[in-house]
Asker: 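So that we are looking at the same thing, I have put the structure below in structure tokens.
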Amino acid sequence: MANPIQPVKGTTDYYPEEMALRAWLYGQMRQVSEAFGYQEYEGPMLERLDLYAAKSGEELVEKQSYVFEDRGGERITLRPELTPTLARMVAARQRQMALPLRWWSFGPFWRYERPQKGRTREFFQWNIDLIGDDSPEADAELAAIAATFLKNVGFSPNETQILVNNRALMQDELLNLGIAKGDLAAVYGLIDRRDKMTADKWRDYGEELGLDAPQLEGVTALMKNQDLWKNSAVLPRFFEAVDSFGVSDYVRFAPNIIRGLDYYTGTVFEAWDTAGDFRAIFGGGRYDDLVNAVGGDPVPAVGFAVGNVVLSLLLEALGHRPDFSASPAPVYVTVFDGDSLLPALKLAAELRAAGLKVTSHLDPNDKLGKQFTHADRLGAKVVLILGPDELKNGEVAIKHLASGDQRSLPRSEVAERVSKLLVHGESK
RNA sequence: GUGGAUGUAGCUCAAUUGGCAGAGCGCUGCACUGUGACUGCAGUUGUUGCGGGUUCAAGUCCCGUCAUCCACCCCA
């Protein structure tokens, strides 16, 4: 091919097979969301840069957002995440809506960063949030939704785990170690990076942040303390509720989970593949200050976001990707010659009217063999032939590809016979 | 933004110290002019990412560039 125009870096072309996976994921997300009583919504893809300036975190806003000036001079960004949009939408109508709100969404997002495994510049996210309830049970409901989703798409508790921590808990524990309140964000970063560097390097990094040896020991001890959640005001209730939701095998405490975004205030969680071969599948948590930050009255909220990229890679890697090779239409109507083209189109129309999915071959110059090859490659189950003999007798030849079984039936019986073949396969 | 690797047929890849660009799959045709999937036979597939340099000779060495992948940063 001569100089094809390159796609934009980091974008994904969804050919039908990939589109089928994305659509399937969307369907799974819808199913779980609706099972828990959540309503679908959508915000604009374009937002003012100011919306993110307050709370999203410097890196995300300054370096990873697509920003441009529109013709009116407004600084516009392609949305890098949905939560601030959600907060804005809630703030705009919070007096007229009955809290709590249970909302979900699935749509495209953009972040300007170097593409790599599990990270693209354009991607899709499922966002689901519970707004207006500050209880640990609300946190647990979101964890239960996440766990149910993992289960429904085929991941076992051995393959994926939802790791939970609480920022308020960690803040208290860190303050007890004598760490200054102003250093908390940096220490969160330190905790977040423990898995990414060697023990020595991590220690050096901690010293650079100004922690002394006892404090580093203390932080290390916190991160190993699997019983730390008992010190939390909310996590014991959270885990009790998770147990009642029936998903405790997917959810466990992890004191090293802290999350990067600035707006999280309480319980935070991430889902990981237990083998550790991929990035986090999703992340979320409680953000009780955000609606207030974008101009509304304070409303507590909790939610999480799932990207389609890591999820798709992990489904593939663990063999849970469904087979989407099924035919676009299970019935294929061949065309014998120029004279039978219009009757063949009419036959296909009759079958569609009877509720079948039917592909018509349109070129009467193609040999039957070629048409069969094409039908087979598309994954058609049944091929129909309307040749001179059939036309003369008012019949249609019906061939079931898997068995090779073929017979001719009166035209009036074709729809019923084909329907039966599609349901029962080879049975007569 | 930083660092590393890789670009050869539609796809997956091979090509010895620089020495005739290949294989499998696919695709086309025939056996089988009213029938796919299976089998056999025959055929087909190239700006070696792009541009320059070294050399008698470059897929191979050197420089530049573009693209992709991987890691860091950050994060879904």
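Please read all numbers here as calculations on a predicted model, not as lab measurements. In what follows, every chain begins at residue 1, and chains take the letters A, B, ... in the order their sequences are listed.
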Asker: If we count only N and O atoms by modelled type, under 3.5 Å, do the side chains of S135(A) and D133(A) hold a donor and an acceptor together?
Answerer: yes
Asker: Whole angstrom is fine here: how far is it from CD in E122(A) over to P in rA76(B)?
Answerer: 18 Å
Asker: With rounding to the closest Å, how many angstrom separate the P atoms on rA14(B) and rG49(B)?
Answerer: 14 Å
Asker: Looking at the base of rG34(B), is there any donor atom on it, or on the side chain of E390(A), that sits under 3.5 Å from an acceptor on the other one?
Answerer: yes
Asker: Indicate whether any N or O donor in one side chain lies under 3.5 Å from an N or O acceptor in the other, for N166(A) and T267(A).
Answerer: yes
Asker: Ignoring hydrogens and angles, does a donor from either the side chain of Q406(A) or the base of rU35(B) sit under 3.5 Å from an acceptor on the other?
Answerer: yes
Asker: Roughly how far, to the nearest 0.5 Å, is the CD1 atom of I191(A) from the CG atom of L184(A)?
Answerer: 9.0 Å
Asker: Any base atoms under 4.0 Å from T120(A), or only sugar-phosphate, or nothing? Heavy atoms, all strands.
Answerer: base
Asker: Look at the side chain of E270(A) against the base of rA76(B) and say whether a donor-acceptor pair falls under 3.5 Å; ignore hydrogens and angles.
Answerer: no
Asker: Nearest whole angstrom, please: distance from the P of rC75(B) to the CD1 of I281(A).
Answerer: 18 Å
Asker: Does Y112(A), at its OH atom, have more than 12 non-hydrogen atoms belonging to other residues, nucleotides or ligands within less than 6.0 Å?
Answerer: no
Asker: rG29(B) and rC62(B): how far apart are their C1' atoms, nearest whole angstrom?
Answerer: 47 Å
Asker: Between rA76(B) atom P and L150(A) atom CG, what is the distance in whole Å?
Answerer: 16 Å
Asker: Please report the distance separating the P of rA15(B) from the corresponding atom of rA9(B), rounded so that it comes out in whole Å.
Answerer: 15 Å
Asker: Does Y14(A) have R22(A) sitting over its ring (NZ/CZ under 6.0 Å from centre, angle to axis within 45°)?
Answerer: yes
Asker: When you measure from the centre of the six-membered ring of Y26(A), is the NZ or CZ of R30(A) under 6.0 Å away and within 45° of the axis?
Answerer: yes
Asker: Do the rings of F155(A) and H320(A) sit parallel, tilted or perpendicular, given the 30° and 60° boundaries?
Answerer: perpendicular
Asker: From rU35(B), rA37(B), rA76(B), pick the nucleotide closest to the side chain of L368(A)?
Answerer: rU35(B)
Asker: Which comes earlier along RNA chain B counting from the 5' end, the contact point of G369(A) or that of R119(A), where each point is its nearest nucleotide?
Answerer: G369(A)
Asker: Contact class for F336(A) (heavy atom, under 4.0 Å): base, sugar-phosphate, or nothing?
Answerer: base
Asker: For Watson-Crick and G-U wobble pairs within 3.5 Å on both distances, what is RNA chain B written in dot-bracket notation, | included for inter-strand pairing?
Answerer: (((((((..((((.....[..))))((((((.......))))))....(((((..]....))))))))))))....
Asker: What's A375(A) touching, base or sugar-phosphate or nothing? Going by heavy atoms closer than 4.0 Å.
Answerer: nothing
Asker: For G284(A), which contact category applies under a 4.0 Å heavy-atom criterion: base, sugar-phosphate, or nothing?
Answerer: nothing
Asker: When the distance from CZ of R259(A) to P of rC75(B) is rounded to whole Å, what number comes out?
Answerer: 8 Å
Asker: Choosing from rA76(B), rG36(B), rG34(B), which nucleotide comes nearest the side chain of I385(A)?
Answerer: rG34(B)
Asker: Send over the distance from L190(A) CG to rC73(B) C1', rounded to a whole Å.
Answerer: 16 Å
Asker: Give the ring-plane orientation class for W126(A) versus F149(A), where under 30° counts as parallel, over 60° as perpendicular and anything between as tilted.
Answerer: tilted
Asker: Spell out yes or no: do the side chain of R377(A) and the base of rA37(B) have one donor N/O and one acceptor N/O closer than 3.5 Å?
Answerer: no
Asker: What is the distance from CH2 of W104(A) to P of rA76(B), rounded to the nearest Å?
Answerer: 20 Å
Asker: At under 4.0 Å between heavy atoms, how does the protein contact nucleotides 67-72 of chain B? Give one character per nucleotide, 5' to 3', with B, S or -.
Answerer: -S-SBB
Asker: Measuring only the P atom in each nucleotide, how far is rA31(B) from rC61(B)? A whole number of Å is fine.
Answerer: 49 Å
Asker: Taking the C1' atom in each of rC20(B) and rU60(B), what is the distance between them to the nearest angstrom?
Answerer: 15 Å
Asker: Please give, in whole Å, the distance from rU35(B) C1' to Y332(A) OH?
Answerer: 13 Å
Asker: Roughly, in whole Å, what's the span from CG in D366(A) to P in rG34(B)?
Answerer: 15 Å
Asker: Look at the rings of F36(A) and F245(A) and say which category their plane angle falls in: under 30° parallel, 30 to 60° tilted, over 60° perpendicular.
Answerer: tilted
Asker: Would you indicate, yes or no, if rC30(B) has its OP1 or OP2 atom less than 4.0 angstrom from a side-chain nitrogen or oxygen of K367(A)?
Answerer: yes
Asker: How is N308(A) classified with respect to the nucleic acid when contacts are heavy atoms under 4.0 Å: base, sugar-phosphate, or nothing?
Answerer: nothing
Asker: How far, in whole Å, is rG52(B) from rA58(B) if one measures between their C1' atoms?
Answerer: 13 Å
Asker: Is it true that D376(A) and T373(A) share a donor-acceptor pair across their side chains at a distance under 3.5 Å?
Answerer: no
Asker: Any chance you could lay out the ring pair (Phe, Tyr, Trp, His ring centres under 6.0 Å) test for W103(A) and Y41(A), step after step, and finish with the verdict?
Answerer: CA-CA 7 Å; W103(A) 285 8; Y41(A) 72 102; 5.0 Å; yes
Asker: Check the geometry between F282(A) and rA76(B) and answer yes if their rings are stacked (centres below 5.5 Å, planes below 30°), otherwise no.
Answerer: no
Asker: Could you give the distance separating rG46(B) and rC32(B) at their P atoms, to the nearest angstrom?
Answerer: 32 Å
Asker: For P44(A) and T85(A), which heavy atoms make the closest approach, and how far apart are they?
Answerer: CD-CG2, 4.0 Å
Asker: rU6(B) and rC13(B): how far apart are their P atoms, nearest whole angstrom?
Answerer: 14 Å
